[in-house]
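I have placed the structure first, in the form of structure tokens, so that the comments after it can refer back to it.
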Amino acid sequence: MNNAKKGIAKEINIKEIFTVIKKRLWIIAIITALASIAGYLYGEKDITLLYQSSARIIIGKEADMNTLQVILKDPVVLEKVVEKLDLNRSPESLANQISVGILDGSKVVNISVIDTDPNKAADIANTTAAEFKNEITRLLDFNDMEIFSPAKINPNPINEEESNSGIIGIVFGMIAGVGFVFFLDSLDDTVRSKKDVEDYLGLPVLGKVSKMSKKNIKKQSIHPIDFPRGDPGVPH
């Protein structure tokens with residue numbers, strides 16, 4: 001018996017919760033939409049897109065590849081790159097944007113540049129390769145070097161991962177919307193059900209008067225109540 005009562009009470013509670021949410025569903029929708037838009041805009045503002053471009057140099061004869069890599073990122077080379085491209089940064093800062101590597105133990109040196117501008121990334125890679133070649137020729141009298149593959153503009157950012165801020169905004173908006181709806185419902189002291197009457201008055205409800213509407217009144221006028229004739233007290 002107790003289990004049956006608990007089941008009925010649980011069903012009523014769920015029904016009341018659903019009714020409260022359904023009544024003010026538009027509020028939840030608005031709050032969720034605003035939170036998702038705010039999350040999306042925050043995510044877009046927080047991400048700085050980066051672009052990568054690479055130039056490759058091929059070394060013809062035996063050379064100390066480690067030495068070549070050190071010289072390539074030396075301020076002597078990068079100062080000329082900064083000056084030639086009129087970059088608003090120091091050679092040391094530019095060196096942090098450049099990575100140098102040897103491809104699979106070959107004689108090919110890869111110069112990779114990351115920048116917020118795809119055009120500038122390609123320009124820096126190509127200019128660095130050209131100035132490096134000039135400096136190696138001047139310093140070491142080393143001429144057996146050619147630019148094997150110039151850098152090309154890559155319009156696709158390397159960090160184009162979708163931000164989760166939009167999804168987080170949707171979830172937060174739904175939770176906040178539901179919470180706000182129940183808060184408004186807690187402020188509403190309107191009597192809406194028999195249970196409310198019993199809770200407020202502490203008395204059982206014996207019956208209720210049906211809600212009157214134009215439709216009900218019209219229906220009653222079409223089908224009037226037919227009192228039997230001869231019934232005392234009934235007008236004819």
- What distance do Met145 atom CE and Ile58 atom CD1 have between them, rounded to the nearest 0.5 Å? 11.0 Å
- Query: Does Phe18 sit in a hydrophobic cluster with other residues, and if so which ones, taking ILVMFWY side chains as linked at heavy-atom separations under 4.5 Å, directly or through other members?
  - Reply: none
- Message: When you group the ILVMFWY residues by side-chain heavy-atom contacts below 4.5 Å and let the links chain together, are Leu184 and Ile21 in the same group?
- Response: yes
- Ignoring hydrogens and geometry, is there a side-chain-to-backbone donor-acceptor pair from Ser36 to Thr32 under 3.5 Å? yes
- Message: Taking salt bridge (charged side-chain N to carboxylate O under 4.0 Å, His left out) as the definition, give me every residue that meets it alongside Lys80, ordered by chain and number, with sequence neighbours left out.
- Response: Glu135
- Message: If hydrophobic clusters are built by linking Ile, Leu, Val, Met, Phe, Trp and Tyr wherever their side-chain heavy atoms come under 4.5 Å apart, do Ile28 and Ile30 end up in the same one?
- Response: yes
- Item | Pairwise side-chain contact, Ile153 with Pro118, heavy-atom cut-off 4.5 Å (strictly under) | yes
- Message: Please find the pair of heavy atoms, one from Ala35 and one from Gly169, that lie closest to each other, and give the distance.
- Response: CB-O, 3.1 Å
Hey, can you pull the donor-acceptor pairs under 3.5 Å for the side chains in residues 171-178, sequence neighbours left out?
none

- Message: With rounding to the nearest 0.5 angstrom, report the NZ to OG1 distance, Lys133 to Thr137.
- Response: 7.0 Å
- Item | Over all atoms of both residues, closest heavy-atom pair of Ala129 and Ala55 | CB-CB, 4.4 Å
- Task: Would you mind reporting whether Thr116 and Leu49 have side-chain heavy atoms less than 4.5 Å apart?
- Result: no
- Between Ile31 and Ile170, is there a shared hydrophobic cluster once you connect ILVMFWY residues whose side-chain heavy atoms come closer than 4.5 Å? no
- Message: If you define the side chain from C-beta out and look only at heavy atoms, does anything of Ile102 sit under 4.5 Å from Val108?
- Response: no
- Query: Should Val76 and Arg138 count as side-chain neighbours, where that means a heavy-atom distance under 4.5 Å?
  - Reply: yes
- Item | Side-chain touch Pro150/Asn126, heavy atoms, less than 4.5 angstrom | yes
- In terms of hydrophobic clustering (I, L, V, M, F, W, Y; side-chain heavy atoms under 4.5 Å; direct or indirect links), are Phe182 and Leu25 co-clustered? yes
- Query: By side-chain hydrogen bond (donor to acceptor under 3.5 Å, both in side chains), which residues pair with Asp123, not counting sequence neighbours?
  - Reply: none
- Task: Quick one: pull up CD1 in Ile111 and CD1 in Ile98 and give me the separation to the nearest 0.5 Å.
- Result: 8.0 Å
- Task: Please assess Lys120 against Val113 for the test side-chain contact (heavy atoms from CB on, under 4.5 Å), listing each intermediate value before the final yes or no.
- Result: CA-CA 9 Å; Lys120 191 168 290 183; Val113 178; over 6 Å; no
- Taking the side chain from Asn110 and the backbone from Gly101, do they hold a donor-acceptor pair closer than 3.5 Å? no
- Got a sec, which residues hit side-chain contact (heavy atoms from CB on, under 4.5 Å) with Lys152, two or more places apart in sequence or on another chain? none
- Message: Any non-hydrogen side-chain atom of Asp115 less than 4.5 Å from a side-chain atom of Gln97?
- Response: yes
- Task: Would you indicate whether the side-chain heavy atoms of Phe180 and Arg24 approach each other to under 4.5 Å?
- Result: no
- Search all heavy atoms of Leu78 against all heavy atoms of Pro91 and return the closest pair with its distance. CD1-O, 3.5 Å
- Summary of salt bridge (charged side-chain N to carboxylate O under 4.0 Å, His left out) pairs that have at least one residue in residues 166-184, sequence neighbours excluded: none
- Apply side-chain contact (heavy atoms from CB on, under 4.5 Å) to Glu83 and list each qualifying residue two or more places apart in sequence or on a separate chain. none
- Query: How would you list, by chain and number, every residue that makes a side-chain contact (heavy atoms from CB on, under 4.5 Å) with Asn134, sequence neighbours excluded?
  - Reply: Glu131
- Lys73: partners by salt bridge (charged side-chain N to carboxylate O under 4.0 Å, His left out), with sequence neighbours left out: none
- Message: Are the side chains of Asp117 and Tyr51 in contact, using a 4.5 Å heavy-atom criterion?
- Response: no
- With the 4.5 Å side-chain cut-off for hydrophobic clustering, are Val81 and Ile147 part of the same group? no
- Over all heavy atoms of both residues, which pair between Ile71 and Val77 is shortest? Give the atoms and the distance, please. O-CG2, 3.3 Å
- Query: Who are the side-chain contact (heavy atoms from CB on, under 4.5 Å) partners of Gln52, not counting sequence neighbours?
  - Reply: Ser112, Ile114, Ile158
- Message: Tell me the closest heavy-atom pair linking Phe132 and Ile57, and the distance in Å.
- Response: CD2-CD1, 3.7 Å
